[in-house]
Amino acid sequence: MNKRIEEVLNKQIELEASSSHHYLGMASWAENAGYNGVASFLYAHSDEERQHMLRLVKFVNERGGKAIIPSLKSDVISFESLQEVFEQLLSHEVAVTNSINEVVFICLEEKDYTTHTFMQWYVSEQLEEEALARTILDKLKLIGNDKGGMYLFDRDLENFQADSIANEQA
Ligand code: OFO
């Protein structure tokens, strides 16, 4: 495997692992704060990010490169509000999108069209993830400090999770 491609894919592996780890911390915070629906949404999101990492690990190894499994620091994560959680989630996703665009750019520079095709799945995935994070943030802005609204929001996220799992299995 082209060394430059191997390097950027390993950086992407690290970023996907850090997404998974970060969302796991958010999920645990939400669970302790009593937002069980948000917690189950974030636990599932953390699992998804792990799958994104694994997909890259397997691709690198299958193509003759060496995937590097990163070690991750565990910071104590605390938030003022759900809005802060999802603002951080969105800005993290934007950073991931930028990183994926960089990988795609380097694939073209190196004329590695196989990896370029492989990365298209990540390009579409990021579109969806950013859109979802923005929709959630819009909802939270509408709810403001309304406790009843927050209760329904938490329940909606739990249902959203159940619906998306059902759709994936259909
Ligand atoms: Fe891996 O899609 Fe978000 O970060």
Side-chain angles (χ1 to χ4, degrees), residues 1 5-31 35 37-63 65-75 77-79 82-108 112 114-140 153 156-169:
M1 172 175 242
I5 298 287
E6 183 175 351
E7 215 169 275
V8 287
L9 290 182
N10 269 316
K11 264 202 205 149
Q12 194 61 39
I13 287 172
E14 188 172 11
L15 199 50
E16 300 291 345
S18 89
S19 303
S20 175
H21 203 57
H22 204 49
Y23 301 162
L24 182 59
M26 288 174 171
S28 178
W29 175 86
E31 190 163 53
Y35 297 116
V38 173
S40 78
F41 172 85
L42 289 167
Y43 279 129
H45 203 21
S46 167
D47 284 346
E48 257 186 48
E49 296 298 352
R50 186 169 183 280
Q51 291 306 318
H52 298 174
M53 176 197 70
L54 272 181
R55 206 180 171 111
L56 280 158
V57 166
K58 290 181 180 164
F59 180 79
V60 170
N61 289 337
E62 275 163 11
R63 294 205 62 222
K66 271 203 175 58
I68 299 168
I69 308 304
S71 56
L72 300 166
K73 283 193 290 150
S74 181
D75 298 326
I77 305 183
S78 178
F79 302 93
L82 279 185
Q83 185 146 343
E84 191 189 347
V85 170
F86 284 99
E87 271 163 6
Q88 281 200 20
L89 188 143
L90 175 60
S91 71
H92 191 81
E93 288 302 331
V94 170
V96 172
T97 301
N98 291 339
S99 167
I100 284 169
N101 288 341
E102 184 64 19
V103 176
V104 170
F105 177 75
I106 291 170
C107 287
L108 289 177
D112 182 343
T114 307
T115 306
H116 182 269
T117 303
F118 170 78
M119 289 306 295
Q120 295 314 303
W121 183 87
Y122 287 85
V123 171
S124 322
E125 181 70 14
Q126 282 312 116
L127 258 181
E128 280 176 25
E129 293 203 349
E130 277 194 36
L132 177 61
R134 288 199 173 91
T135 304
I136 290 174
L137 268 176
D138 286 345
K139 281 188 197 242
L140 281 170
F153 170 82
D156 276 1
L157 270 201
E158 182 135 49
N159 292 337
F160 173 86
Q161 200 44 52
D163 289 350
S164 59
I165 290 168
N167 288 339
E168 267 171 32
Q169 287 170 349

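For ligands, and for the atoms within them, numbers begin at 1 and follow the listed sequence. Because the structure is predicted, anything quoted here is derived from the model rather than measured. Computation of the quantities below employed the complete heavy-atom set of this structure, encompassing side-chain atoms and omitting hydrogens, waters and symmetry-equivalent molecules.
A donor-acceptor pair under 3.5 Å is absent between the side-chain atoms of N10 and the main chain of P70, judged by distance alone.
Annotation: side chain of E16 is in contact with side chain of Y122 (closest heavy-atom distance under 4.5 Å). By the 4.5 Å heavy-atom criterion applied to side chains, E125 and E128 are counted as neighbours.
Across Y23, F59, W121, a single residue satisfies ring-ring contact (aromatic ring centres under 6.0 Å, His included) together with H52, and that is W121.
Using a 4.0 Å cut-off between charged side-chain N and carboxylate O, R134 and E130 make a salt bridge.
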Enumerate, one pair per line, all nitrogen or oxygen atoms of ligand 1 lying under 3.5 Å from a protein nitrogen or oxygen, stating the separation to 0.1 Å; write 'none' if no such pair exists.
unit_1   : atom_1 : unit_2 : atom_2 : d
ligand 1 : 2 (O)  : E49    : OE1    : 3.1
ligand 1 : 2 (O)  : E49    : OE2    : 3.2
ligand 1 : 2 (O)  : H52    : ND1    : 3.1
ligand 1 : 2 (O)  : Q126   : OE1    : 2.7
ligand 1 : 2 (O)  : E129   : OE1    : 2.7
ligand 1 : 2 (O)  : E129   : OE2    : 3.4
ligand 1 : 4 (O)  : S19    : OG     : 3.3
ligand 1 : 4 (O)  : E49    : OE1    : 3.2
ligand 1 : 4 (O)  : E49    : OE2    : 3.1
ligand 1 : 4 (O)  : E93    : OE1    : 3.0
ligand 1 : 4 (O)  : E93    : OE2    : 3.1

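L24 is linked by a side chain to side chain contact (heavy atoms under 4.5 Å, CB included) to Y43, S46, counting only residues two or more places apart in sequence or in another chain.
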